[in-house]
Amino acid sequence: MQLNHFDFLSSHQILSLEKKPALNDWYFFAYPFNNYRYGLSNKEKVDGKSSVFLINKLPSKEGIATIKQIIDATPFENKKIEISGYVKASNLDGEALLRLYLMDKEDSITRRAEAKFIGTKSDLEWQRFSVVADITSDISALSYSGVLQGSGQVWFDKFEINEAPHDAKDISTPFGYVRPKDDAPSKERTKYLNIVGYNTTPFGKFTLGPQSIDLSTWKISDELDGEYQARNDRDTLLLESVIDTPDFGVLLKRFNFDATRAKQENVTGITFRAQIKHQFVKSMASIWMRIEDKDNNSLAFDNLRYTSSGGTRDWRDIEVTLPITDEATIVSFGALLISKGKLWLRNPHIEYTYEPIARNTQLLAKPSNLSFE
């Protein structure tokens with residue numbers, strides 16, 4: 001679904017937003033997806049051939065858009081680094097940010113650092129933003145991004161990663177809240193665990209090959225009653241929102257898994273592939289897979305959050321692959337719809353892989369395309 005207010009270009013924009021130029025080695029994400037667009041400008045730039053911009057012409061502070069790159073942290077282990085970038089803004093009603101996430105070996109964000117400009121219908125000429133963080137041995141990946149929160153237009157250019165001076169201050173702070181083990185789960189936490197299937201009894205033995213599309217062989221949590229509904233639509237499964245402001249909906253299958261037998265067959269991972277299409281999705285439509293141990297701890301998980309999209313899109317092939325370990329006892333997989341919209345799923349299929357598996361498929365060995373060439 002295209003919105004009319006993106007059909008025109010400002011004097012700063014060189015490439016049509018409808019063309020969605022490739023951001024080599026960068027990933028774009030937005031919520032609500034249809035409110036934001038990105039592009040390249042060869043007029044507004046600090047270095048190289050072009051800069052990247054994010055734009056939202058709607059008068060709302062509720063949304064967010066990011067362009068993100070994720071790199072291996074190993075070369076920076078036990079060093080203090082500075083990540084910088086140049087930022088420019090026009091008619092900004094919200095925040096323009098340079099953000100850094102530090103991620104552990106489970107791909108979980110542990111710390112965050114950010115520099116920001118807050119505006120109310122404000123402009124900002126090119127300004128260098130920077131953040132400093134210590135990269136400890138438990139950090140496996142660095143995720144840095146340019147962010148537009150709210151409305152207006154923001155340009156980013158000339159990202160750099162350098163070793164920081166010894167006396168530079170680490171400005172990163174812990175990310176998120178970790179619940180003490182002896183605390184009882186909150187009502188909200190229990191609802192989340194029910195929706196994503198941690199509390200769902202496995203359906204039986206894990207099987208390879210085509211997976212039935214019959215709704216009776218899938219699970220949609222009772223927690224979603226009144227927000228989402230699922231049904232068979234010819235040869236597909238349809239998951240759709242039924243209210244204006246739902247949270248997220250999940251369809252899933254969940255099976256017991258024999259890791260010992262798989263390892264004896266030299267299996268390195270599991271691939272879940274399917275075809276999906278979606279319509280009027282406010283945030284994201286995707287597939288997902290999770291591998292757990294006997295205590296329901298997640299050993300590996302991916303919902304393709306960096307490469308999935310919202311809006312309206314016709315049928316496409318999509319797949320996710322996860323590595324298995326000796327501790328794997330449960331495999332769950334399915335479809336995911338965040339916020340409002342419709343998602344169709346067909347031809348779900350499970351197979352083994354025998355090649356080495358990269359844990360984070362968006363991970364780059366080193367920084368790339370920092371000036372958006």
Side-chain angles (χ1 to χ4, degrees), residues 23 25-31 52 54 64-87 95-118 128-149 154 156-181 284 288 290 297-308 322-323 325 357-371:
L23 293 178
D25 297 324
W26 291 83
Y27 296 92
F28 170 76
F29 175 80
Y31 174 83
V52 65
L54 302 172
I64 186 170
T66 70
I67 50 101
K68 176 182 301 185
Q69 187 170 108
I70 309 172
I71 63 171
D72 184 5
T74 303
F76 306 100
E77 184 173 338
N78 297 320
K79 295 180 180 179
K80 182 178 293 184
I81 66 166
E82 178 188 44
I83 293 184
S84 63
Y86 283 82
V87 183
E95 299 180 2
L97 303 96
L98 172 69
R99 177 175 288 164
L100 169 66
Y101 285 138
L102 308 184
M103 303 167 69
D104 64 16
K105 293 178 174 58
E106 303 300 322
D107 293 338
S108 297
I109 299 169
T110 61
R111 299 184 69 82
R112 174 177 67 183
E114 58 186 30
K116 69 174 70 175
F117 170 72
I118 302 174
R128 184 178 182 270
F129 286 18
S130 70
V131 297
V132 173
D134 289 317
I135 310 304
T136 52
S137 59
D138 60 315
I139 301 303
S140 68
L142 308 177
S143 172
Y144 42 89
S145 56
V147 182
L148 167 59
Q149 187 165 315
V154 179
F156 299 95
D157 199 6
K158 199 179 180 181
F159 280 75
E160 292 183 334
I161 304 178
N162 296 296
E163 192 165 345
H166 179 72
D167 58 352
K169 182 180 179 181
D170 178 354
I171 67 168
S172 66
T173 57
F175 180 83
Y177 170 75
V178 178
R179 179 176 61 83
K181 292 183 178 180
M284 186 181 92
W288 63 275
R290 183 177 63 241
N297 296 308
S298 177
L299 301 174
F301 171 79
D302 196 354
N303 62 9
L304 306 177
R305 60 191 180 279
Y306 298 123
T307 55
S308 296
L322 294 178
T325 63
I357 306 299
R359 186 174 191 99
N360 189 327
T361 56
Q362 290 82 35
L363 190 69
L364 300 177
K366 60 182 180 180
S368 175
N369 191 29
L370 298 185
S371 291

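Remember, predicted model here, so these are calculated numbers, not experimental data.
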Legend entry - Side-chain touch I135/N78, heavy atoms, less than 4.5 angstrom: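 No. Closest side-chain heavy atoms not under 4.5 Å.
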Legend entry - Closest non-hydrogen atom pair between L98 and G85, with its separation: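 Looking at all heavy atoms of both residues, the closest pair is CD2-N, 3.9 Å.
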Legend entry - Centroid-centroid under 6.0 Å between F159 and W26 rings: yes
Legend entry - Student check: side-chain heavy atoms of P174 and T110 closer than 4.5 Å: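 No, every pair of side-chain atoms sits at 4.5 Å or beyond.
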Legend entry - Test item: side-chain donor near acceptor, Q69 and Y144, under 3.5 Å: yes
Legend entry - side chain to side chain contact (heavy atoms under 4.5 Å, CB included) assessment of D157 paired with V52: CA-CA 7 Å; D157 199 6; V52 65; over 6 Å; no
Legend entry - Spacing of OG belonging to S130 relative to CD1 belonging to I171, to within rounding of 0.5 Å: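 It is 7.0 Å, given to the nearest 0.5 Å.
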Inset, instruction - For residues D104 and S140, report the shortest heavy-atom separation together with the two atoms involved. - result: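 Smallest interatomic distance, heavy atoms only, reads O-OG, 2.7 Å.
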Inset, instruction - Decide side chain to side chain contact (heavy atoms under 4.5 Å, CB included) for I71 and I161; before the verdict, give the C-alpha distance in whole Å, the side-chain angles of both, and the deciding distance to 0.1 Å. - result: CA-CA 11 Å; I71 63 171; I161 304 178; 3.7 Å; yes
Inset, instruction - Let me see the working for E77 and S137 under side-chain hydrogen bond (donor to acceptor under 3.5 Å, both in side chains), right down to the final yes or no. - result: CA-CA 6 Å; E77 184 173 338; S137 59; 4.8 Å; no
Legend entry - Backbone N/O of D134 and side chain of D170: donor-acceptor pair under 3.5 Å: yes
Legend entry - Sub-4.5 Å side-chain heavy-atom contact between N303 and M284: yes
Legend entry - Inter-residue atom distance I83.CD1 - L370.CG, 0.5 Å rounding: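 Between atom CD1 of I83 and atom CG of L370 there are 9.5 Å.
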Inset, instruction - State, yes or no, whether a side-chain contact exists between I70 and L142 at a heavy-atom distance under 4.5 Å. - result: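 I70 does not reach L142 side chain to side chain.
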Legend entry - Any donor-acceptor N/O pair, K80 side chain to A168 backbone, under 3.5 Å: yes
Legend entry - Donor-acceptor pair, side chain of S172 and main chain of R111, under 3.5 angstrom: no
Legend entry - Any K68 side-chain heavy atom under 4.5 Å of S143 side chain: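 Of all side-chain heavy-atom pairs linking S143 with K68, at least one is under 4.5 Å.
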Legend entry - Heavy-atom side-chain contact between F29 and I67 under 4.5 Å: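 SC-SC contact between F29 and I67 ruled out.
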Inset, instruction - Classify the angle between the aromatic ring planes of F175 and Y101 as parallel (below 30°), tilted (30 to 60°) or perpendicular (above 60°). - result: perpendicular
Legend entry - Residues E82, R128: salt bridge by 4.0 Å N-O rule: yes
Legend entry - Atom pair CG/CD1 of L100 and I81 - distance to nearest 0.5 Å: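 One finds 6.0 Å between CG of L100 and CD1 of I81.
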Legend entry - Closest non-hydrogen atom pair between F28 and A65, with its separation: CE1-CB, 4.2 Å
Inset, instruction - Might you point out which heavy atoms bring A300 and L322 nearest each other, and give the distance in Å? - result: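 Closest approach of A300 to L322, heavy atoms only: O-CD1, 3.6 Å.
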Inset, instruction - Find the distance between CG (L97) and OG (S145) and round it off to the nearest 0.5 Å. - result: 8.0 Å
Legend entry - Close side-chain approach of F156 to L54, heavy-atom, < 4.5 Å: yes
Inset, instruction - Determine whether W288 and F301 make a side-chain contact, defined as any pair of heavy atoms from C-beta on separated by less than 4.5 Å. - result: yes
Inset, instruction - Would you name the heavy atoms of E95 and I118 that are closest together and state the gap between them? - result: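 Reported closest heavy-atom pair: CG-CG1, 3.8 Å.
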Legend entry - For A133 against L102, the heavy-atom pair lying closest together: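 Answer, listing the atom of A133 first, then L102: CB-CD1, 4.3 Å.
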